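Below: the structure, in structure tokens.
Naming: A, B, ... by sequence-line order, numbering from 1 per chain. Computed from a predicted model, the values in this text were never measured in an experiment.
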Number of protein chains: 2
Amino acid sequence: MTPDEFRAAGHRLIDWIADYRAGVASRPVMAQTQPGAIKAQLPASPPRSPESFDTIIGDLDRIVLPGITTWQHPQFFGYFPSNALLSSVLGDYVSSGLGVIGLAWQSSPALTEVEEVVTDWMRQMLGLSGAWSGVINDTASTSTLVALLCARERASNYSLGRGGLQEESQPLIVYASAHSHSSVEKAALLAGFGKAHVRIVPHDASFAMRPEALEAMVMEDARSGRRPCAVVATTGTTTSTALDPLDALARVAKAHHLWLHVDAAMAGSAMILPECRWMWEGVEHADSLIVNAHKWLGAVFDTTLYFVRDPEHLVRVMSTNPSYLQTAADGRVKNYRDWGLPLGRRFRALKLWFLIREQGVDGLQARLRRDIANAKWLEEQIAATPAWRVLAPVPLQTVCVRHEPAAVTGDALDAHTLDWCGRLNQSGEVYLTPAVLDGRWMVRISIGSELTEREHVANLWRLMRDALDS
Amino acid sequence: MTPDEFRAAGHRLIDWIADYRAGVASRPVMAQTQPGAIKAQLPASPPRSPESFDTIIGDLDRIVLPGITTWQHPQFFGYFPSNALLSSVLGDYVSSGLGVIGLAWQSSPALTEVEEVVTDWMRQMLGLSGAWSGVINDTASTSTLVALLCARERASNYSLGRGGLQEESQPLIVYASAHSHSSVEKAALLAGFGKAHVRIVPHDASFAMRPEALEAMVMEDARSGRRPCAVVATTGTTTSTALDPLDALARVAKAHHLWLHVDAAMAGSAMILPECRWMWEGVEHADSLIVNAHKWLGAVFDTTLYFVRDPEHLVRVMSTNPSYLQTAADGRVKNYRDWGLPLGRRFRALKLWFLIREQGVDGLQARLRRDIANAKWLEEQIAATPAWRVLAPVPLQTVCVRHEPAAVTGDALDAHTLDWCGRLNQSGEVYLTPAVLDGRWMVRISIGSELTEREHVANLWRLMRDALDS
């Protein structure tokens with residue numbers, strides 16, 4: 001494809017995307033396709049000869065679109081908002097179009113330096129002190145793995161340079177809560193700690209980790225000859241946006257030399273609002289921190305911000321320096337390959353740079369405030385309605401809800417919950433995520449799509465009540 | 001930004017990218033900027049109010065472009081070709097524009113099913129049997145980490161479900177060669193094996209791993225109470241595209257129950273040419289395999305293909321299943337979150353789908369054959385010229401070269417090499433990567449940019465000789 005062919009095809013594609021985005025509200029939210037239906041329409045083998053761009057774009061309409069769940073729909077209340085604001089999309093288009101790869105600073109200096117600047121913008125927007133340094137990773141899962149690897153290496157005095165975890169005589173222990181994201185246990189297992197060395201710290205009635213329970217477990221492990229290594233605290237858990245008390249947890253961590261990793265993947269976006277920062281009071285005492293800019297904030301996936309207080313330690317754990325990656329600029333520049341797992345990197349900073357500039361901090365703040373107010377409104381409606389219950393505090397934009405008809409309990413209640421939620425999702429009108437809280441299914445309503453106004457939330461609430469009668 | 005604003009801005013950006021790509025040959029190959037020069041032009045703090053798209057696109061010209069190394073330049077001979085063909089870029093544009101995220105199959109069925117089909121197309125194109133299943137990861141580094149984690153868990157009978165590596169009594173050992181990519185040692189250290197348990201297997205005169213040396217080391221480790229776990233073999237090493245003898249290595253791996261991981265990140269693309277497949281004869285006996293479609297083949301970064309023969313084992317090592325990710329379709333669909341490290345995933349399959357369809361297998365094959373012929377031609381020119389030496393076999397598109405003036409040896413020869421190569425890179429006319437081979441610096445010439453024709457290679461050869469006189 002020549003640049004001129006790209007120009008022609010690119011213009012058509014821009015229109016296609018613009019039309020898609022302009023029409024999201026009229027599409028089903030959840031894809032209405034059956035397992036295997038898309039695969040069945042695709043040739044089993046690759047084409048020998050080139051196909052026309054007309055054919056390809058035609059297949060987007062015919063095959064791909066019916067299999068797309070509409071994440072930007074104003075009535076998308078599932079998982080988490082992934083807004084992929086269009087300015088951020090354009091930043092990503094520049095990245096792909098330039099086709100540069102970050103390996104060393106020299107392999108594209110702008111890729112590194114814009115990332116340095118934009119991650120520092122984000123640090124300021126989140127109200128973090130200058131003691132933090134940031135890097136853009138793909139996802140929270142990967143970043144939490146990096147955090148636990150760094151914790152492991154600090155606690156073991158860099159065992160990777162010796163016999164690894166295999167020759168440590170006293171096992172290292174990781175602490176999390178039952179409401180930590182699934183990626184925390186996954187990271188601990190992949191980092192080699194082993195399930196027997198992952199402790200689930202009890203939580204309180206608001207689903208927040210109990211610091212005194214953490215301390216008791218840490219002391220018991222230490223007494224038994226094990227080595228407490230790391231605690232993962234969450235600001236805004238996945239299920240209910242519960243807030244682990246960072247300040248108190250940080251005191252335990254400090255007293256017992258634990259690495260404190262803060263998972264603010266979802267709720268971190270809200271820290272651009274000064275009135276929300278009480279939620280992670282104590283964050284300055286953490287060692288590492290993640291915020292997914294590709295969720296509520298609005299960057300297109302994948303844009304996870306990973307902040308650390310000791311970048312030299314991070315680099316010591318992650319660095320490699322083969323001859324073919326050395327350049328004359330080394331020592332005077334950042335080489336982000338030494339800040340995470342992958343060697344190569346996309347010019348991800350552009351999607352954040354475009355987003356922040358096109359929206360301005362004021363614009364981003366105004367949208368998040370709207371969403372928090374909408375969640376508060378919904379919480380009030382539900383709480384005031386007989387047989388409906390709000391199951392957890394609503395500090396942000398997620399409402400955990402259950403309809404509890406008289407005399408329906410236990411497994412029957414679970415069936416009732418999954419039934420009305422499933423029917424709503426199948427209808428294509430709204431999308432919600434069921435989840436388990438305190439051993440029973442309930443429904444999470446995650447508000448924060450760019451297009452979601454009060455009327456859409458009100459409509460959701462009407463549909464929820466209607467679903468009981470259908 | 002509304003869809004209509006996106007439409008207007010998007011058209012401008014398409015033209016901007018088309019102009020950039022049309023003009024790559026007239027730009028400096030290596031960015032001519034100094035450390036810190038780009039950062040110095042950016043505001044230290046984020047804007048409070050929105051900025052116009054005019055301002056942003058103006059900054060691309062003024063600030064970003066001078067800091068870009070031109071990877072698609074016809075005289076880019078550095079690192080590896082990263083062609084980011086424009087059809088693949090358009091596929092990526094669809095992915096970003098749709099803004100969908102793969103978490104479960106249901107969160108966008110097409111994302112999963114197109115990936116299933118396209119990875120199977122790639123399997124067929126590479127001449128692999130139907131026993132392989134593929135997934136798209138970000139990079140080779142991450143994929144090799146996944147491979148070594150899978151090896152660790154197979155050898156330890158899933159220690160992650162018990163005490164992890166921390167309670168294994170006999171240490172597990174990983175084998176690689178000095179010419180394995182730096183990501184192999186990094187992965188082994190991060191997976192917890194420890195440097196003391198990574199063995200460097202000697203190589204022969206063509207820089208290929210010696211199977212009998214591997215076997216001797218394995219037997220010695222076993223005799224000493226250690227457990228041989230995995231060997232990483234390379235089809236096309238980074239420095240010289242050396243070919244480890246997979247067939248013989250696979251026999252050793254099988255006899256001693258080693259996991260065999262094949263790193264064909266760069267050279268794997270050439271396996272779409274039937275005449276090249278002798279290079280990885282024996283690959284069918286491997287357990288895992290990586291091919292970077294974002295290198296020579298032409299997909300835009302990041303598009304690493306990770307193939308395994310036992311996907312159930314992969315899923316057992318990587319899976320998580322919290323309530324909020326469960327859907328009614330589970331059991332009937334693939335959930336790619338259980339195939340690697342990250343939970344969320346982009347619709348990466350589109351960039352490969354667009355590329356393969358727009359080029360056709362014939363088109364991709366023709367371009368790779370051109371590049372191999374160009375490398376052969378350059379090898380012959382260099383070999384026939386006094387004082388110039390080709391230092392390694394040239395099975396593919398990488399030529400390792402040194403100019404060796406009479407009586408210049410040792411450190412003086414290193415200085416001479418880095419001097420002429422550095423001056424060529426600084427000139428902006430060509431870009432080459434110096435690297436160390438057998439303890440001395442030499443220069444790698446990696447041919448395969450989409451725009452690189454014979455004339456550009458001839459021009460490079462002229463510039464190399466001219467550089468000696470300047």
Side-chain angles (χ1 to χ4, degrees), chain A residues 1 3 6-7 10 14 17-18 21-22 31 33 35 38-39 42 46-51 64 67 69 84 86-87 89 92 96-97 99 101 108-110 113 117 121 139 141 160 163-166 171 182 186 189 192-194 196 300 320 322-324 332-333 342-343 356-357 360-361 435-436, chain B residues 1 3 6-7 10 14 17-18 21-22 31 33 35 38-39 42 46 48-51 64 67 69 82 84 86-87 89 92 96-97 99 108-110 113 117 121 139 141 160 163-166 171 182 186 189 192-194 196 300 320 322-324 332-333 342-344 356-357 360-361 435-436:
Chain A
M1 179 174 273
F6 169 83
R7 198 183 304 266
I14 291 290
I17 296 288
R21 287 296 189 103
T33 188
I38 293 152
K39 217 168 9 179
L42 299 170
R48 282 234 63 98
S49 305
E51 297 184 64
V64 173
T69 291
L86 287 165
S87 50
V89 168
D92 206 36
S96 297
I101 300 188
S108 268
E113 297 197 9
V117 170
W121 285 9
T139 62
S141 300
L160 51 66
L165 217 40
Q166 310 198 92
S182 57
K186 179 169 175 173
L189 300 191
F193 290 97
V300 64
T320 55
S323 65
Y324 46 80
R332 292 178 296 152
V333 294
L343 163 56
I356 296 169
R357 298 183 69 182
V361 177
V436 171
Chain B
M1 179 174 274
F6 169 83
R7 197 184 304 266
I14 290 290
I17 297 288
R21 287 296 189 102
T33 189
I38 292 153
K39 217 168 10 179
L42 298 170
R48 282 233 63 98
S49 306
E51 297 183 63
V64 173
T69 291
S82 179
L86 287 166
S87 50
V89 168
D92 206 36
S96 298
S108 268
E113 297 197 8
V117 170
W121 284 9
T139 62
S141 300
L160 51 67
L165 260 196
Q166 310 197 91
S182 57
K186 179 170 174 172
L189 300 191
F193 291 97
V300 63
T320 55
S323 65
Y324 46 81
R332 292 178 296 151
V333 295
L343 163 55
I356 295 169
R357 299 183 69 182
V361 177
V436 171

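- Ranked by heavy-atom pairs under 4.5 Å with chain B, the list E51(A), R357(A), M1(A) is led by R357(A).
- Checking side-chain atoms of Q166(A) against main-chain N and O of L165(B) turns up no donor-acceptor pair under 3.5 Å.
- Here NZ of K186(A) is found 11.0 Å from CG of L160(B). Values are rounded to the nearest 0.5 Å.
- Contact of T320(A) with chain B is made through the side chain alone, with heavy-atom distances under 4.5 Å.
- Considering all non-hydrogen atoms of both residues, V300(B) and S96(A) come closest at CG2-O, 3.7 Å.
- Looking at V117(A), only its side chain comes within 4.5 Å of chain B, counting heavy atoms on both sides.
- For chain A, the option among S82(B), G344(B), P50(B) with the highest count of heavy-atom pairs below 4.5 Å is P50(B).
- Shortest non-hydrogen contact noted between P342(A) and T139(B) is CB-OG1, 3.5 Å.
- For the set P35(B), G164(B), S87(B), A31(B), the count of heavy-atom pairs under 4.5 angstrom toward chain A peaks at P35(B).
- For R332(A), the salt bridge (charged side-chain N to carboxylate O under 4.0 Å, His left out) criterion is met by no residue, not counting sequence neighbours.
- A search for side chain to side chain contact (heavy atoms under 4.5 Å, CB included) contacts involving P46(B) returns W121(A), Q124(A), M125(A), I356(A), V361(A), not counting sequence neighbours.
- The shortest side-chain heavy-atom distance between I17(A) and P3(B) does not fall under the 4.5 Å cut-off.
- Closest non-hydrogen pair, I14(A) versus R7(B), comes out as CG2-O, 3.7 Å.
- By number of non-hydrogen pairs under 4.5 angstrom with chain B, the leading residue of A196(A), A22(A), G192(A), A435(A) is G192(A).
- Among A84(A), S323(A), P171(A), the residue making the largest number of heavy-atom pairs under 4.5 Å with chain B is S323(A).
- Residue with the most contacts toward chain B among I101(A), L189(A), V333(A): I101(A) (heavy-atom pairs, distance under 4.5 Å).
- In terms of heavy atoms, E113(B) sits closest to K39(A) at OE1-N, 2.8 Å.
- Residue contact with chain A, scored on non-hydrogen atoms closer than 4.5 Å, involves the backbone and the side chain of V436(B) alike.
- Taking chain B as the reference chain and counting heavy-atom pairs below 4.5 Å, the highest number among P322(A), S49(A), S141(A), G67(A) is found for G67(A).
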